[in-house]
*Asks:* 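Have a look at the structure that comes next, please.
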Protein chains: 2
Amino acid sequence: MQILDQLDHKILAVLQDNNMTSQREIGDAIGLSAPAVQRRITRLREIGAIKGDISVLNPDYLGSQITIVVQVEMETDKVELIAETKRIFKNTPQVQQCYYVTGENDFLLIIVVYTMKEYEGLTHQLFFNNPGVKRFKSSICMDIVKSGLSIRIPS
Amino acid sequence: MQILDQLDHKILAVLQDNNMTSQREIGDAIGLSAPAVQRRITRLREIGAIKGDISVLNPDYLGSQITIVVQVEMETDKVELIAETKRIFKNTPQVQQCYYVTGENDFLLIIVVYTMKEYEGLTHQLFFNNPGVKRFKSSICMDIVKSGLSIRIPS
DNA sequence: GGCTGTTTTGCACTTTTATTTCATTTCCAT
DNA sequence: ATGGAAATGAAATAAAAGTGCAAAACAGCC
């Protein structure tokens, strides 16, 4: 894992906000030529500093979804069990995000479904069918106040 | 808010996975010409079905951060208080995500900081300084098992 | 059923952006 | 200072996005 310099950081800061910004525009902003910016971006992708490039959709246009925050407590902390559970959560499309955390609860999931029936099915698939799951607690999201993946970039 | 057809859905499904996909490639995949795809994408942006276009960064390249899941319980549910609290959470860069939820806790926050000292400062700024906050519970994230904003698109 | 206005499309073309090439510069390490 | 590696900018090429326009598809209406 290589070290990134200030220019890389500035480029990343721009791209994590808007990756349609042209190389020329970025270059003007940070004092580099467009090709220099392009080579740095290529490198940032190659080394994996940029994991991907996506459009962020407005869920309102895709029918009404229900966002649910789920806290999952496991019976034990056996490595193999945790690893398998992670694998299952990761491969479930409705699971938008999954955090393995300290404290009473072991997992925190952000789940997005279209109907409560769909969610009920999911709970069987993800929790009731997993003997390692001791209990889970669901909270319905009334408002997604803030949503994103941006991280503050040290300058 | 207009209705989207199957072709729009397919375009959105591609873009939320990789928005660098060329219009020609999308067109080939769904049976449209590149210009037709371009016009649809333009429209999807205009109406706000596409909220933005971003690069997803790998945090590992930006120094070691700490991801913390925070559950916040409020004293009361006064509209004005909740609204102001939402505003504060939304405008704090370290707050990556904020959900207003049902149940015992009112807010769920995903917070990303670089040091525990930074987090301690944040807790004062966000919680101790807010008389509406009754209590908050922090869980340290040991593993970001899955992270993203994708939603399943009905086909 | 056929007509008409509207919308969407594909093709050809223009413009913009990304990418490559290459000579020059910068930056270290010696 | 000096040689070598890495990064840069200018110029040229390649690729993609965006535009104009005529044709096709479609919906509503007589």
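Naming convention: chains lettered A, B, ... in sequence-line order (proteins, then strands); numbering from 1 in each chain.
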*Asks:* Check the side chains of A:Q71 and A:E104 for a donor-acceptor pair under 3.5 angstrom, ignoring hydrogens and angles.
*Replies:*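 Side chains of A:E104 and A:Q71: no pair found under 3.5 Å.
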
*Asks:* Take atom CG of B:L32 and atom P of C:dT7, then tell me their distance rounded to the nearest Å.
*Replies:*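 It is 18 Å, rounded to the nearest whole Å.
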
*Asks:* Of the options B:Y119, B:F128, B:F89, which is the one that meets B:F136 in a ring-ring contact (aromatic ring centres under 6.0 Å, His included)?
*Replies:*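 With B:F136 as partner, B:Y119, B:F128, B:F89 yield a single ring-ring contact (aromatic ring centres under 6.0 Å, His included), made by B:F128.
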
*Asks:* If only side-chain N and O atoms count, and only distance matters, is there a donor-acceptor pair under 3.5 Å linking B:D53 with A:N18?
*Replies:*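 Checked: A:N18/B:D53 side chains show no N/O donor-acceptor pair below 3.5 Å.
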
*Asks:* Under the 6.0 Å and 45° cation-pi test, does B:K86 pair with B:Y100?
*Replies:*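 Satisfied, under 6.0 Å and within 45°.
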
*Asks:* Would B:M74 end up clustered with B:F127 when hydrophobic side chains under 4.5 Å apart are linked, directly or stepwise?
*Replies:*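 The answer is yes; both residues are in one hydrophobic cluster.
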
*Asks:* In B/S/- notation, 5' to 3', how is nucleotides 18-26 of chain D contacted by protein heavy atoms closer than 4.0 Å?
*Replies:* SBB------

*Asks:* Looking at every heavy atom in both A:E73 and A:N105, which two are closest together, and how far apart are they?
*Replies:*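 Taking every non-hydrogen atom into account, CB-OD1, 4.0 Å.
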
*Asks:* Closer than 4.0 Å, any side-chain N/O of A:R24 to the OP1 or OP2 of C:dA18?
*Replies:*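 No, no such contact exists.
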
*Asks:* From CD1 of A:I41 over to C1' of D:dT8, roughly how many Å is that when rounded to an integer?
*Replies:*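 Atom CD1 in A:I41 sits about 15 Å away from atom C1' in D:dT8.
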
*Asks:* Once you apply a heavy-atom cut-off of 4.0 Å, does A:S22 come out as touching a base, just sugar-phosphate, or nothing?
*Replies:*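 Sugar-phosphate contact only.
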
*Asks:* Starting at CZ of A:R43 and ending at C1' of C:dT19, how long is that distance when rounded to a whole Å?
*Replies:*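 Value for this atom pair: 18 Å.
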
*Asks:* Whole Å only: how far is the CG atom of B:L4 from the P atom of C:dT8?
*Replies:*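 These atoms are roughly 12 Å apart.
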
*Asks:* Starting at atom CG of A:L7, determine the distance to atom C1' of D:dT8, rounded to an integer number of angstrom.
*Replies:*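 The answer, rounded to whole Å, is 11 Å.
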
*Asks:* Between B:R40 (CZ) and C:dT7 (P), how many Å, whole number?
*Replies:*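 My rounded result for the distance is 14 Å.
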
*Asks:* From CG of B:D28 over to C1' of D:dA15, roughly how many Å is that when rounded to an integer?
*Replies:*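 Rounded to whole Å, this separation is 15 Å.
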
